[in-house]
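Below, read A as the first sequence line, B as the second, and so on, with proteins coming before strands; counting in each chain starts at 1.
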Number of protein chains: 2
Amino acid sequence: MDAFAAVADPTRRGVLRLLRDRERAAGDLAVAFPALSQPAVSRHLRVLREAGLVTVRIDEQRRLYSLRPEGLVEIESWLTSLRTFWSQGLDALERHLDVQTAAKAAGEEPAKRDSKRSKPSKSRLAKSAHAQRKEGKRR
Amino acid sequence: MDAFAAVADPTRRGVLRLLRDRERAAGDLAVAFPALSQPAVSRHLRVLREAGLVTVRIDEQRRLYSLRPEGLVEIESWLTSLRTFWSQGLDALERHLDVQTAAKAAGEEPAKRDSKRSKPSKSRLAKSAHAQRKEGKRR
DNA sequence: TCGCTATTTAACAGATGCGTTATATAACGT
DNA sequence: ACGTTATATAACGCATCTGTTAAATAGCGA
């Protein structure tokens with residue numbers, strides 16, 4: 001399970017949130033989620049571990065979990081790559097959307113406005129999906 | 001489906017990636033994923049729409065999808081809240097992990113996993129998970 | 001070794017997600 | 001109204017996720 005899927009679960013986000021401040025024993029984390037059984041939390045921990053989001057350290061009989069920030073970098077950078085302009089402040093956002101729309105129009109495929117365009121050179125958007133899939137499908 | 005779950009799917013991330021540059025018609029997006037059928041992509045679009053990550057604009061018979069940056073703010077801010085210190089440079093990170101372990105001691109809250117059943121009064125993280133669940137908590 | 005605490009693993013059930021094909025809806029042009 | 005294009009919805013199968021209980025594993029102390 002990758003980092004994106006790992007953080008898709010609210011419980012796991014809760015765990016990460018708890019680990020943000022300090023490392024914690026598996027049992028303590030389990031107690032933090034009274035609605036879940038201890039094995040359930042244990043498995044969430046496994047998922048987080050396998051996703052590289054947390055690390056474990058053994059202390060006596062306990063397992064101490066802590067946040068592994070590197071694991072979040074994947075998400076961070078994805079978000080960054082998606083950002084490009086619009087930051088997250090909606091002000092800067094609108095500004096950039098405008099700028100971008102105007103600027104892009106110059107060097108990019110129009111991809112809008114005039115309805116029935118011919119077939120622009122579609123960088124990666126190939127032929128007809130229907131046609132393509134239909135070759136060899138029943139009925 | 002919330003934003004986190006929405007972006008957990010690689011295809012949907014692919015769609016967002018395509019929409020980063022410009023708005024696109026549903027059909028063009030479908031063509032961009034030759035491995036999937038058109039209805040499959042259409043449903044991904046629905047998920048993204050319901051998660052607030054994209055918006056649709058009707059143009060003739062087509063639906064033009066575009067990125068809705070506000071929808072990503074939720075993830076952005078979650079990431080930020082989790083960051084707090086360690087930015088993503090591992091230097092600052094290690095520094096803070098040390099500092100934090102020593103300095104931090106109080107001031108967080110357990111996560112809220114859904115419905116009506118919960119024990120918020122539980123001080124912080126108590127002792128035995130077993131013991132706690134065992135006290136009349138069968139379902 | 002025994003017994004206790006802490007945690008993981010196993011086995012299974014129910015919910016949910018994703019894909020497919022078939023069909024419906026929408027808007028256009030003739 | 002009809003045919004075509006564009007897109008969404010319906011119905012369904014199957015895999016995966018999440019939770020549960022029961023049992024296994026691990027470390028400690030008597």
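Of the candidate nucleotides C:dG19, D:dT18, D:dG27, D:dT18 has the atom nearest to the side chain of A:Arg43. Taking the side chain of B:Met1 as heavy atoms from C-beta on, and the options D:dT9, C:dG17, D:dT20, the nearest nucleotide is C:dG17. You'll find that the side chain of A:Ser37 is closest to D:dT21, out of D:dT21, C:dT8, C:dC18. Minimum atom distance to the side chain of B:Arg46 is reached by D:dT9, of the listed D:dA8, D:dT9, C:dT20. Among C:dA27, C:dG19, D:dT20, the nucleotide with an atom closest to any side-chain atom of B:Thr11 is C:dG19. Ranking C:dG19, C:dT21, C:dC28 by closeness to the B:Gln61 side chain, first place goes to C:dC28.
The interatomic distance linking B:Asp59 (CG) with D:dT7 (P) rounds to 10 Å, in whole Å. Counting to the nearest Å, the C1' atom of C:dT8 and the CG atom of A:Leu45 are 10 Å from each other. Atom CZ of B:Arg49 and atom C1' of D:dT9 are 11 Å apart (whole Å). Spacing between atom CD of A:Glu50 and atom P of D:dC17 amounts to 11 Å, rounded to whole angstrom units.
Here B:His44 reaches the OP1 or OP2 of C:dG19: one of its side-chain N or O atoms lies under 4.0 Å away. Contact check, A:Tyr65 against C:dA6: no side-chain N or O comes under 4.0 Å of OP1 or OP2.
For the pair B:Met1/B:Glu50, no side-chain contact is recorded, criterion being any heavy-atom separation below 4.5 Å from C-beta on. Side-chain contact between B:Thr55 and B:Tyr65: absent, with no pair of heavy atoms (C-beta onward) separated by less than 4.5 Å. Between A:Leu19 and A:Leu29, the closest side-chain pair of non-hydrogen atoms falls below 4.5 Å. At a threshold of 4.5 Å between non-hydrogen side-chain atoms, the residues A:Ile58 and A:Leu64 do not count as touching.
Comparing A:Ala8 and A:Arg63, the nucleotide of DNA chain D nearest to each residue sits closer to the 5' end for A:Ala8. Taking for each of B:Ala25 and A:Pro39 the nucleotide of DNA chain D with the nearest heavy atom, the 5'-most of the two is the partner of B:Ala25.
One cannot find a donor-acceptor pair under 3.5 Å joining the base of C:dA6 and the side-chain atoms of A:Gln38. For a distance-only test at 3.5 Å, the side chain of A:Arg62 fails to qualify as a donor-acceptor partner of the base of D:dG27.
Using a 4.0 Å cut-off between charged side-chain N and carboxylate O, A:Asp28 and A:Arg63 make no salt bridge.
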